[in-house]
2 protein chains.
Amino acid sequence: MARPSQIRPQLDALLRSHHEPHAWTLEELRQALARLGIHSNFSSIFRSARQAVDQGQWQPVMLGDGKTRFEWSGHHHDHLFCQSCGTLEAVPCKLAQSLHHRMEQQTGYRIHSHSMVWEGTCPRCVRKRSCRKPALPTHKTDLC
Amino acid sequence: MARPSQIRPQLDALLRSHHEPHAWTLEELRQALARLGIHSNFSSIFRSARQAVDQGQWQPVMLGDGKTRFEWSGHHHDHLFCQSCGTLEAVPCKLAQSLHHRMEQQTGYRIHSHSMVWEGTCPRCVRKRSCRKPALPTHKTDLC
DNA sequence: TTGGGTGCAAATGTTTTGCAGCGAT
DNA sequence: ATCGCTGCAAAACATTTGCACCCAA
């Protein structure tokens with residue numbers, strides 16, 4: 001009964017696309033929209049995101065750098081983070097998914113979703129230096 | 001070669017204890033210390049935490065409410081969150097642990113750690129109301 | 001004397017809200 | 001007219017840093 005959202009459909013399209021990044025910060029979404037010629041406000045993106053999460057269409061992803069990222073719920077995946085070079089990869093969550101049933105049995109919970117982040121050293125870094133002090137992700141780390 | 005930390009040992013003791021909460025926010029740590037008669041500053045707690053994480057003794061835990069929590073690395077566990085009543089439980093991470101090897105094989109990563117949060121409905125809530133709209137965790141949610 | 005630990009205040013960065021105006025229904 | 005969507009500014013929060021001082025080695 002009121003003005004339909006001008007930006008929400010565009011945001012949905014971004015999250016549904018299979019392009020990088022696979023999980024978007026609010027600021028990344030705003031910039032991506034701007035590149036499409038749609039200049040909007042951070043607050044508007046924020047409110048669209050909250051609504052989308054409430055409606056179950058988006059899923060928040062916390063990677064530990066202080067910024068909340070969002071992904072299309074249907075594209076849910078786990079994350080692989082290289083502590084050495086900061087690379088962040090999306091991996092299918094088949095493995096974690098395979099635990100749902102057992103986890104439900106063991107805990108009595110009815111499980112709706114999960115979020116999982118693996119941290120370690122990527123193949124490239126493993127090859128370069130046989131071993132090095134892992135840089136734990138902090139809020140100032142550059143992810144994505 | 002300088003003054004030994006007055007609070008770090010106390011903080012370590014808190015995290016090593018098996019009492020609630022199982023994962024502490026900086027503010028919770030400060031308050032717990034205060035209850036022990038040790039009044040300190042938030043910044044000092046923060047710096048102790050950063051150092052402890054750098055040294056690998058503490059592990060940051062992100063639950064999605066905007067606050068970073070910390071647990072003793074040796075006590076690592078996964079989390080179960082009831083979207084209906086907000087209960088947060090710690091569960092052994094044996095199941096997730098069992099995936100390490102396969103995940104390493106499939107990705108070529110050398111995995112050092114993981115973090116996992118299961119979200120769903122706890123047995124009590126499942127019993128009470130057969131079904132209800134799940135309240136997605138937001139930053140304003142009261143966890144722990 | 002030195003160098004890390006501590007407290008206090010201020011800066012940063014991100015998230016959240018208040019409010020006025022807009023516009024499709 | 002109504003009611004949700006927007007933009008702008010400010011507030012609210014959590015994290016982080018600068019700086020002066022303290023104190024055991």
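First the proteins, then the strands, lettered A, B, ... as listed; each starts at 1.
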Participant: Can you name the residues that form a side-chain contact (heavy atoms from CB on, under 4.5 Å) with B:P123, not counting sequence neighbours?
Facilitator: A:Y109, B:R127
Participant: Rounded to the nearest Å, what distance is computed from the CG atom of residue A:L26 to the C1' atom of nucleotide C:dG13?
Facilitator: 13 Å
Participant: Take the protein atom CZ of B:R69 and the nucleotide atom P of D:dA14, then report the distance between them rounded to whole Å.
Facilitator: 10 Å
Participant: Any salt bridge linking A:E89 with A:R124? Criterion: basic side-chain nitrogen under 4.0 Å from a carboxylate oxygen.
Facilitator: yes
Participant: Please give, in whole Å, the distance from C:dT12 P to A:E27 CD?
Facilitator: 18 Å
Participant: In whole Å, I'd like the distance from the CZ atom of A:R30 to the P atom of C:dT14.
Facilitator: 12 Å
Participant: Output yes when at least one side-chain N/O atom of A:T68 is less than 4.0 Å from OP1 or OP2 of C:dT14, else no.
Facilitator: no
Participant: When you check the gap from the basic side-chain N to the acidic O, do A:R8 and A:D12 get nearer than 4.0 Å?
Facilitator: yes
Participant: How are the rings of B:H114 and B:H76 set relative to one another: parallel (under 30°), tilted (30 to 60°) or perpendicular (over 60°)?
Facilitator: perpendicular
Participant: To the nearest Å, give me how far apart CD1 (A:I38) and C1' (D:dC5) are.
Facilitator: 15 Å
Participant: When the distance from CZ of B:R50 to C1' of C:dT6 is rounded to whole Å, what number comes out?
Facilitator: 14 Å
Participant: Rounded to the nearest 0.5 Å, what separation is found between the CD atom of A:Q6 and the CG atom of A:L11?
Facilitator: 12.0 Å
Participant: Which atoms of nucleotides 6-10 of chain D (N or O only) lie under 3.5 Å from a protein N or O atom, and what are those distances?
Facilitator:
{"unit_1": "D:dT6", "atom_1": "OP1", "unit_2": "A:S5", "atom_2": "OG", "d": "2.7"}
{"unit_1": "D:dT6", "atom_1": "OP1", "unit_2": "A:Q6", "atom_2": "N", "d": "2.5"}
{"unit_1": "D:dT6", "atom_1": "OP1", "unit_2": "A:I7", "atom_2": "N", "d": "2.9"}
{"unit_1": "D:dT6", "atom_1": "O4'", "unit_2": "A:R3", "atom_2": "NH2", "d": "3.4"}
{"unit_1": "D:dG7", "atom_1": "OP1", "unit_2": "A:H39", "atom_2": "O", "d": "3.3"}
{"unit_1": "D:dG7", "atom_1": "OP2", "unit_2": "A:N41", "atom_2": "N", "d": "2.9"}
{"unit_1": "D:dG7", "atom_1": "OP2", "unit_2": "A:S44", "atom_2": "OG", "d": "2.8"}
{"unit_1": "D:dG7", "atom_1": "O6", "unit_2": "A:R47", "atom_2": "NH2", "d": "2.6"}
{"unit_1": "D:dC8", "atom_1": "N4", "unit_2": "A:S43", "atom_2": "OG", "d": "3.3"}
{"unit_1": "D:dA9", "atom_1": "N6", "unit_2": "A:S43", "atom_2": "OG", "d": "3.1"}

Participant: From CZ of B:F70 over to P of D:dA14, roughly how many Å is that when rounded to an integer?
Facilitator: 13 Å
Participant: B:F46 has an atom CZ; how far is it from atom P of D:dG18, in whole Å?
Facilitator: 12 Å
Participant: Looking at A:Q51, does any N or O in its side chain come under 4.0 Å of the phosphate oxygens OP1/OP2 on D:dC5?
Facilitator: yes
Participant: Among all residues two or more places apart in sequence or in another chain, which pass the salt bridge (Lys or Arg N to Asp or Glu O under 4.0 Å) test with A:R47?
Facilitator: none
